[in-house]
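Here is the structure we will look at, set down as structure tokens.
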Amino acid sequence: MTKAGGRMILGINDALSYERLVQEFPPRPIRNNQQLQAVQSRIDVLIDLERELTTDESDYLDILGTLVWDYEQTLEPIPDIYGVDLLKVLVAERGLRQKDLVPIFKAESIASDVFKGRRQLTARHIQELAEFFNVSPAAFFQLKS
């Protein structure tokens with residue numbers, strides 16, 4: 001453990017008690033993104049330790065994780081997108097055009113029909129799109145609730 005400005009800083013091989021961890025960074029409900037970042041930074045410090053966490057450290061990490069989860073439940077949910085809607089987002093994010101996907105669809109007219117909802121994505125399309133965009137093929141399918 002080292003001292004910086006009067007504060008103790010967790011070192012790679014230093015084990016801290018639960019009480020000490022709470023003193024260093026008291027867990028509090030998260031109310032904004034700045035607080036979220038602070039908690040996530042503390043989580044990162046613990047996760048990045050080059051040793052197994054002690055029981056106290058694991059318990060403290062669980063509390064911090066619960067605080068993050070609680071905060072995330074208050075946020076507006078991100079809607080699930082899949083299929084052609086996902087394809088449109090991936091294309092827009094990368095600044096591509098439909099014709100950039102002709103090697104996958106084999107014809108610009110097929111790409112156009114897929115984007116307009118006149119044709120369904122085939123298993124081959126999904127596999128090749130997943131490889132092209134470096135995502136799981138499962139991302140193109142609607143999750144069952």
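Residues meeting the salt bridge (Lys or Arg N to Asp or Glu O under 4.0 Å) test with Arg118, sequence neighbours left out: Asp113. Contacts of Glu72 classified as salt bridge (Lys or Arg N to Asp or Glu O under 4.0 Å), with partners at least two apart in sequence or in another chain: none. Partners of Ala107 under the side chain to side chain contact (heavy atoms under 4.5 Å, CB included) rule, at least two apart in sequence or in another chain, are Ser109, Ile110. Looking at residues two or more places apart in sequence or on another chain, you find a salt bridge (Lys or Arg N to Asp or Glu O under 4.0 Å) between Asp100 and Arg97. With sequence neighbours excluded, the residues that form a side chain to side chain contact (heavy atoms under 4.5 Å, CB included) with Gln127 are Glu131, Pro137.
Counting only heavy atoms from C-beta outward, the side chains of Arg124 and Lys106 approach each other to under 4.5 Å. Between Leu90 and Phe132 the shortest side-chain heavy-atom distance does not fall below 4.5 Å. In this structure the side chain of Val114 never reaches within 4.5 angstrom of the side chain of Leu101, judged on heavy atoms. Side-chain contact between Phe133 and Leu87: present, with at least one pair of heavy atoms (C-beta onward) separated by less than 4.5 Å. Ile43 is not listed as a side-chain neighbour of Tyr60, based on a closest heavy-atom distance of 4.5 Å or more.
Each of Val102 and Val91 belongs to its own hydrophobic cluster when Ile, Leu, Val, Met, Phe, Trp and Tyr are linked at side-chain heavy-atom distances under 4.5 angstrom. Hydrophobic cluster membership is shared by Ile30 and Leu75, with clusters built from Ile, Leu, Val, Met, Phe, Trp and Tyr side chains linked at under 4.5 angstrom. Both Val89 and Ile104 belong to a common hydrophobic cluster when Ile, Leu, Val, Met, Phe, Trp and Tyr are linked at side-chain heavy-atom distances under 4.5 angstrom. No continuous path of ILVMFWY side-chain contacts below 4.5 Å connects Trp69 to Leu61, so the two sit in separate hydrophobic clusters.
Screening Thr66, Asn33, Asn32 for a side-chain hydrogen bond (donor to acceptor under 3.5 Å, both in side chains) involving Tyr71 leaves a single residue, Asn33.
Contact between Gly83 and Leu121 at its shortest, heavy atoms only, is C-CD1, 4.0 Å. Across all non-hydrogen atoms, the minimal contact from Gln120 to His125 is O-ND1, 4.2 Å. The two atoms that bring Leu46 and Leu53 nearest to each other are O-CD2, 3.5 Å, heavy atoms only. The two atoms that bring Pro27 and Ile63 nearest to each other are CB-CG2, 3.8 Å, heavy atoms only.
In Gln23, the CD atom is crowded: over 12 heavy atoms of neighbouring residues, nucleotides or ligands sit closer than 6.0 Å. Within 6.0 Å of CZ on Arg28 lie no more than 12 heavy atoms contributed by other residues, nucleotides or ligands. In Asp62, the CG atom is crowded: over 12 heavy atoms of neighbouring residues, nucleotides or ligands sit closer than 6.0 Å. Gln34 CD: 12 or fewer foreign heavy atoms inside a 6.0 Å radius.
Without hydrogens or angle criteria, Gln35 side chain to Arg31 main chain gives a donor-acceptor distance under 3.5 Å. Checking side-chain atoms of Lys99 against main-chain N and O of Glu108 turns up no donor-acceptor pair under 3.5 Å. Between the side chain of Asp56 and the backbone N or O of Ser17 there is no donor-acceptor pair closer than 3.5 Å.
Residue Tyr82 shares its hydrophobic cluster (ILVMFWY side chains chained together at separations under 4.5 Å) with no other residue.
To the nearest 0.5 Å, the span separating CZ on Phe140 from CD1 on Ile81 amounts to 9.5 Å. Distance check, rounded to the nearest 0.5 Å: CD of Glu57 to CZ of Arg20 gives 13.0 Å.
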Audit row: Leu129, Phe105, side chain to side chain contact (heavy atoms under 4.5 Å, CB included) steps and yes/no: CA-CA 9 Å; Leu129 288 166; Phe105 291 109; 4.1 Å; yes
